[in-house]
Amino acid sequence: MNSNPADLEFAPDAMRRMGEEVVRRVVDHLATINEQPPRGDVDAADLCRTMREAAPEAGTELAPLLDSLFDEWIPRSYNTASPGYLAYIPGGGVFPGALAELIAAGVNRYTGVWLTAPALVQLEANALDWLRAWMQFPVQARGLFTTGGSTANFAAIVSARERLLGTELRRGTLYLSTETHHSVMKSARLAGILPDRIRTIAVDAQFRMGIDALEAAIAADRAAGLLPFLVVSSAGTTNTGAVDPLAEIGALCRTGGLWHHVDGAYGASFHLCPELRPLLAGLPEADSLTLDPHKGLFLPYGTGALLVRDGEALRAAHSETASYMPANREGAEFYDPHQYGPDLSRDFKGLRVWLAFKLYGAARYRAALAEKRRLALDAAARIAALPNVVMDAPPQLSLFAFHLAWPGSTRAEEDAATRELLERVTRRGRVIITGCHAGGRFLARVCVLSFRTHQDRIDDCVAHVAEESQAIIAR
Ligand SMILES: Cc1ncc(COP(=O)(O)O)c(C=O)c1O
């Protein structure tokens, strides 16, 4: 390090050495990812207590810090990068995403404002436009890279509120289903939608929003003098992977003058594959769409995305300026991120998406997504055929949910057995699966969305579910 304490720059050789050391550790980690358990030992409360520390007054070497990170702390986590990660909603984190983060932070350019890094912002605009084209949104659509699906849902609700309610906040009513992701409820609250103006619509036997119940709720609110303005549907729910009837909901919204937002954080990426588009019919007609590239586009966490059909609505909700800001003399021709989202200074998220698609090409992404769906169909068919398994939600995309039952079993016994199954399968160390409450019972769920998951892991998953469920029932 430099001997002048006020000089924080490292010499080129030192930077190279440190960079090489970090890359070596990351690559070593990824090279052994197949052997690492999908769920590390997270019983770490005592460890965390010992880790609390005061800010260091003097600096240390990089190597011991990397030792602690890679040998002690990183392994003590859910291994979301593992091919055996079938829990919650996986993704994995492709290596080009890591390269993009190093470049973006290394050069640290200002991509919140078009004028300060026009070519870099253009890359981000290109990546957003690719998403737009794959989702079959019109050219007038605009988008935003966000920190995740939650903030994309938030920006969508704010855009709908600004466009349709204006100052009539108190009268506005919003519709979601009992299976809608909880980030939508949180976003509605943050967007100032009052709790007594949120309607939770019941789902059908496939966990999809009931269209008749939705229509009735909208009509009742209108008759009561309220202002129905927004329906949030799901293109793949987190619990069971259900795709709401997007086309019917869209038609209802268009007739009634409501905004239709589709939360596609889990499922929208399957729209990249033309042969899978019928599963998401109606998605391209939505007023806005949440995607979550850190799920279905396999990018590192912190990469969400929003598309808004009428880009002007997104801009109108977020546009603000000040006299000190550089004037954008080109007007609306060039995408200016700070005019479309809440951030001014921001990280360069678009580079991750751009670099990953440039390095792989879209065809390989489509192949990977199609493989995930095939694997989920295969796993679901084989698990459904096991004795004592009831398939509650066959895969609509790449997620399915089931429970254990046997002659004479009570609901409480089935819930307990299903919960135990998850734990026993996960303890075998090849896959991690998690559960959820849906339809009044506890369900085990398998979500195939990590780009690293291939047939061998699915075979292990099926074998371990078969063996452990048999052991539980045989007791
Ligand atoms: C359907 C759905 N919507 C929204 C979210 C929230 O996304 P994020 O965690 O990226 O904020 C999730 C997260 O799992 C999700 O599954």
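Just follow the structure's listing: the first ligand is 1, and inside any ligand the first atom is 1.
Residues Arg25 and Leu69 form no side-chain contact, since every pair of their non-hydrogen atoms from C-beta on lies 4.5 Å or further apart.
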For this session: Might you work through the ring-ring contact (aromatic ring centres under 6.0 Å, His included) test for Phe145 and Phe348, ending with a clear yes or no?
Result: CA-CA 9 Å; Phe145 284 116; Phe348 185 14; 9.4 Å; no
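Note on residues 337-347: pairs passing salt bridge (Lys or Arg N to Asp or Glu O under 4.0 Å), not counting sequence neighbours, are Glu124-Arg346, Asp347-Lys349, Asp347-Arg352.
Residues with a heavy atom under 4.0 Å from ligand 1: Ile89, Gly148, Gly149, Ser150, Asn153, His181, Ser183, Gly236, Thr238, Asp263, Ala265, Asp292, His294, Lys295.
With sequence neighbours excluded, no residue satisfies ring pair (Phe, Tyr, Trp, His ring centres under 6.0 Å) with Tyr175. Qualifying side-chain hydrogen bond (donor to acceptor under 3.5 Å, both in side chains) partners for Asp263, counting only residues two or more places apart in sequence or in other chains: Asn153.
Tyr365 pairs in a ring pair (Phe, Tyr, Trp, His ring centres under 6.0 Å) with only one of the listed residues (Trp134, Phe298, Phe270), which is Phe298.
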